[in-house]
Undergrad: 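Let me begin by handing over the structure; questions about it come next.
In what follows, every heavy atom counts, from backbone to side chain, and hydrogens, waters and symmetry copies are set aside. Sequence lines set the chain letters: A, B, ... in the order given, protein chains first and strands last, and positions in each chain run from 1. Small disclaimer: the values here were computed from a predicted structure and weren't measured.
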2 protein chains.
Amino acid sequence: MNQKKEIANKLRTSGLRPTKQRILIAKNLFDRNKTFHFTIETLNKKINRKGKEQISLATIYNTVEAFINAGYLKEILTSKNKSYYDTNIRSHHHFYDEGSKELTDINYNQVKLSKVPIPPKGKKIKNLEVVIRIQK
Amino acid sequence: MNQKKEIANKLRTSGLRPTKQRILIAKNLFDRNKTFHFTIETLNKKINRKGKEQISLATIYNTVEAFINAGYLKEILTSKNKSYYDTNIRSHHHFYDEGSKELTDINYNQVKLSKVPIPPKGKKIKNLEVVIRIQK
DNA sequence: TTCTAGTTTAGAATTATTATAAACTAGAAA
DNA sequence: TTTCTAGTTTATAATAATTCTAAACTAGAA
Ligand SMILES: [Mn+2]
Ligand SMILES: [Mn+2]
Ligand SMILES: [Zn+2]
Ligand SMILES: [Zn+2]
């Protein structure tokens, strides 16, 4: 139960009140050894399976947004229908499987961009992470 | 008016009946000297401004889908909210301006990927086009 | 313990897209 | 040329993801 306190402190440092909903969601997201890629739908299912305490869908949305603003999560733009999120906030690349619709991490140094165009004047590159679409 | 016949023939070779709606949309999309990047919303506005003959939104959607299947258009996955389409069907890269929400072509040889990871076994790379997000 | 700003929630609203089914039409066949 | 029908268009409904609203709740400062 020290973990709960750790999470609570982390949230407080970001100006987020450590509510029981946020702590439960944070546990689900960050208490794991490898990267977790998810959509609101998959996170909601994981949190709200019967037997466990329920959290409203609106709170799932609100909390994911709050965690993104706090820098705990990153959004991965890969699909036109659905938002994907990533607990790995470092800069890195992805495989996106068009069949299973799942993301897999690619280490940043596994992709080498030896030539990158200069952006139009007045604009700068915000993000250069590659999504490689794969299929069977 | 020979143009109309050319478009009609092109459509027929793809098994698409050259209706007046499809011909008008094709004219708007392909009768231009540079790449056109658009969303359903922008195409719909361009087609259906007052004074011109109207085409229903459903037909805009249907026609864009038909043109993609025929290989006349390509879909660019860049935003989570909205589909983007491209009259440039060759393999190439893009800048996506997060401010104006507009795509710009990058020639294929302006980006050099000197290292690309091997996809998971049983999977192959479907597409490796880079979207570089830019902003002010 | 009290108080209030921040948070959660159910449900409504919005946006992009897809489905439905009736009316219309291109063009093959008569 | 006329007839016929599969393909197409259209208004509208339905769906899916997300955002908004406003009332009830609560963390934690005072
Ligand atoms: Mn959508
Ligand atoms: Mn959306
Ligand atoms: Zn990742
Ligand atoms: Zn393009």
Side-chain angles (χ1 to χ4, degrees), chain A residues 4-28 37-48 52-70 72-73 75-85 101, chain B residues 4-28 37-48 52-70 72-73 75-85 101:
Chain A
K4 193 171 155 179
K5 241 171 216 165
E6 268 179 51
I7 292 172
N9 286 333
K10 189 179 163 183
L11 293 174
R12 260 186 288 258
T13 63
S14 304
L16 296 171
R17 277 195 194 167
T19 63
K20 72 176 196 298
Q21 292 87 344
R22 282 171 177 167
I23 287 165
L24 178 59
I25 293 171
K27 259 190 221 164
N28 271 273
H37 297 106
F38 64 95
T39 63
I40 294 292
E41 190 190 5
T42 57
L43 179 59
N44 188 45
K45 272 182 192 150
K46 175 181 285 291
I47 297 272
N48 289 316
K52 301 174 85 177
E53 53 219 299
Q54 304 288 107
I55 297 179
S56 78
L57 183 59
T59 297
I60 307 269
Y61 272 101
N62 291 342
T63 302
V64 166
E65 200 195 354
F67 284 6
I68 283 173
N69 292 335
Y72 303 153
L73 287 176
E75 185 168 13
I76 309 294
L77 291 172
T78 187
S79 154
K80 62 173 163 166
N81 306 316
K82 228 173 224 185
S83 292
Y84 280 74
Y85 305 95
K101 297 182 187 317
Chain B
K4 193 173 157 178
K5 242 172 214 164
E6 268 179 52
I7 291 171
N9 286 333
K10 188 179 165 183
L11 292 175
R12 261 187 288 258
T13 63
S14 305
L16 296 172
R17 279 194 193 167
T19 62
K20 73 176 197 298
Q21 291 87 344
R22 282 171 178 167
I23 287 165
L24 178 59
I25 292 170
K27 258 190 222 162
N28 271 274
H37 298 106
F38 63 96
T39 62
I40 293 292
E41 189 189 4
T42 57
L43 179 59
N44 187 46
K45 271 182 193 150
K46 175 181 285 290
I47 298 273
N48 289 316
K52 301 174 84 178
E53 55 219 297
Q54 303 288 106
I55 298 179
S56 79
L57 182 60
T59 296
I60 307 268
Y61 272 102
N62 291 341
T63 302
V64 167
E65 200 195 354
F67 286 5
I68 283 174
N69 292 334
Y72 303 152
L73 287 176
E75 186 169 10
I76 309 293
L77 291 173
T78 188
S79 154
K80 61 171 166 169
N81 306 315
K82 229 172 225 186
S83 292
Y84 280 74
Y85 305 94
K101 292 177 189 324

Undergrad: Please name the pair of heavy atoms, one in B/Leu77 and one in A/Thr78, separated by the smallest distance, quoted to 0.1 Å.
TA: CD1-O, 3.8 Å

Undergrad: Give a yes or no answer on whether the side chain of A/Thr42 reaches the backbone of A/Phe38 with a donor-acceptor pair at less than 3.5 Å.
TA: no

Undergrad: Main chain of A/Lys10, side chain of A/Tyr72: is a donor-acceptor contact present, judged purely on distance under 3.5 Å?
TA: yes

Undergrad: In whole Å, what is the span from the NZ atom of B/Lys20 to the P atom of C/dA26?
TA: 8 Å

Undergrad: Whole angstroms only, please: what is the CZ-C1' distance between A/Arg22 and D/dT26?
TA: 12 Å

Undergrad: Output the single nucleotide from C/dA16, D/dC20, D/dT18 whose closest atom is nearest the side chain of A/Ala58.
TA: D/dC20

Undergrad: Side-chain N or O of A/Arg17 versus OP1/OP2 of C/dT8: is the shortest distance under 4.0 Å?
TA: no

Undergrad: What is the distance, to the nearest angstrom, from the CD1 atom on A/Ile25 to the C1' atom on C/dT8?
TA: 10 Å

Undergrad: Between C/dT18 atom P and B/Glu65 atom CD, what is the distance in whole Å?
TA: 7 Å

Undergrad: If I take atom CD1 in residue B/Ile60 and atom P in nucleotide C/dT17, what distance separates them, rounded to the nearest angstrom?
TA: 13 Å

Undergrad: Using atom CG of A/Leu24 as one end and atom P of C/dT8 as the other, report the distance to the nearest whole Å.
TA: 11 Å

Undergrad: Can you tell me if B/Arg22 uses its side chain to pair, donor with acceptor, with the backbone of B/Arg17 under 3.5 Å?
TA: yes

Undergrad: Tell me which of B/Glu41 and B/Pro18 sits closer to the 5' end of DNA chain C, going by the nucleotide each one is nearest to.
TA: B/Glu41

Undergrad: Just the table, please: protein N/O against nucleotides 28-30 of chain C N/O, every pair under 3.5 Å.
TA:
none

Undergrad: Nearest 0.5 Å, please: how far is CD in B/Gln54 from CG in B/Asn48?
TA: 4.5 Å

Undergrad: Round to a whole Å and report the spacing from CG of B/Asn62 to P of D/dA11.
TA: 12 Å

Undergrad: Among residues at least two apart in sequence or on other chains, which ones pass side chain to side chain donor-acceptor pair (under 3.5 Å) with B/Lys82?
TA: B/Glu41

Undergrad: Would a distance-only check, ignoring hydrogens and angles, find a side-chain to backbone donor-acceptor pair under 3.5 Å from A/Ser79 to A/Asn81?
TA: yes

Undergrad: Assess whether atom CD of A/Glu75 is packed by more than 12 heavy atoms of other residues, nucleotides or ligands within 6.0 Å.
TA: yes

Undergrad: Touch check for B/Thr19, heavy atoms < 4.0 angstrom, all strands: base, sugar-phosphate only, or nothing?
TA: sugar-phosphate

Undergrad: Is A/Lys101 close enough and on-axis enough to A/Tyr84, meaning under 6.0 Å and within 45°, for cation-pi?
TA: no

Undergrad: So what is the 5' to 3' dot-bracket string for DNA chain D, if pairs are Watson-Crick or G-U wobble with both distances under 3.5 Å, crossing pairs use [ ] and | means the partner sits on another strand?
TA: ||||||||||||||||||||||||||||||

Undergrad: Check every atom of D/dC20, D/dA17, D/dT10 against the side chain of B/Thr59 and return the nucleotide holding the closest atom.
TA: D/dT10

Undergrad: Side chain of B/Gln21: nearest nucleotide among D/dA11, D/dT9, D/dT18?
TA: D/dT9

Undergrad: Could you state the OH-C1' distance from A/Tyr61 to C/dG11, rounded to the nearest angstrom?
TA: 15 Å

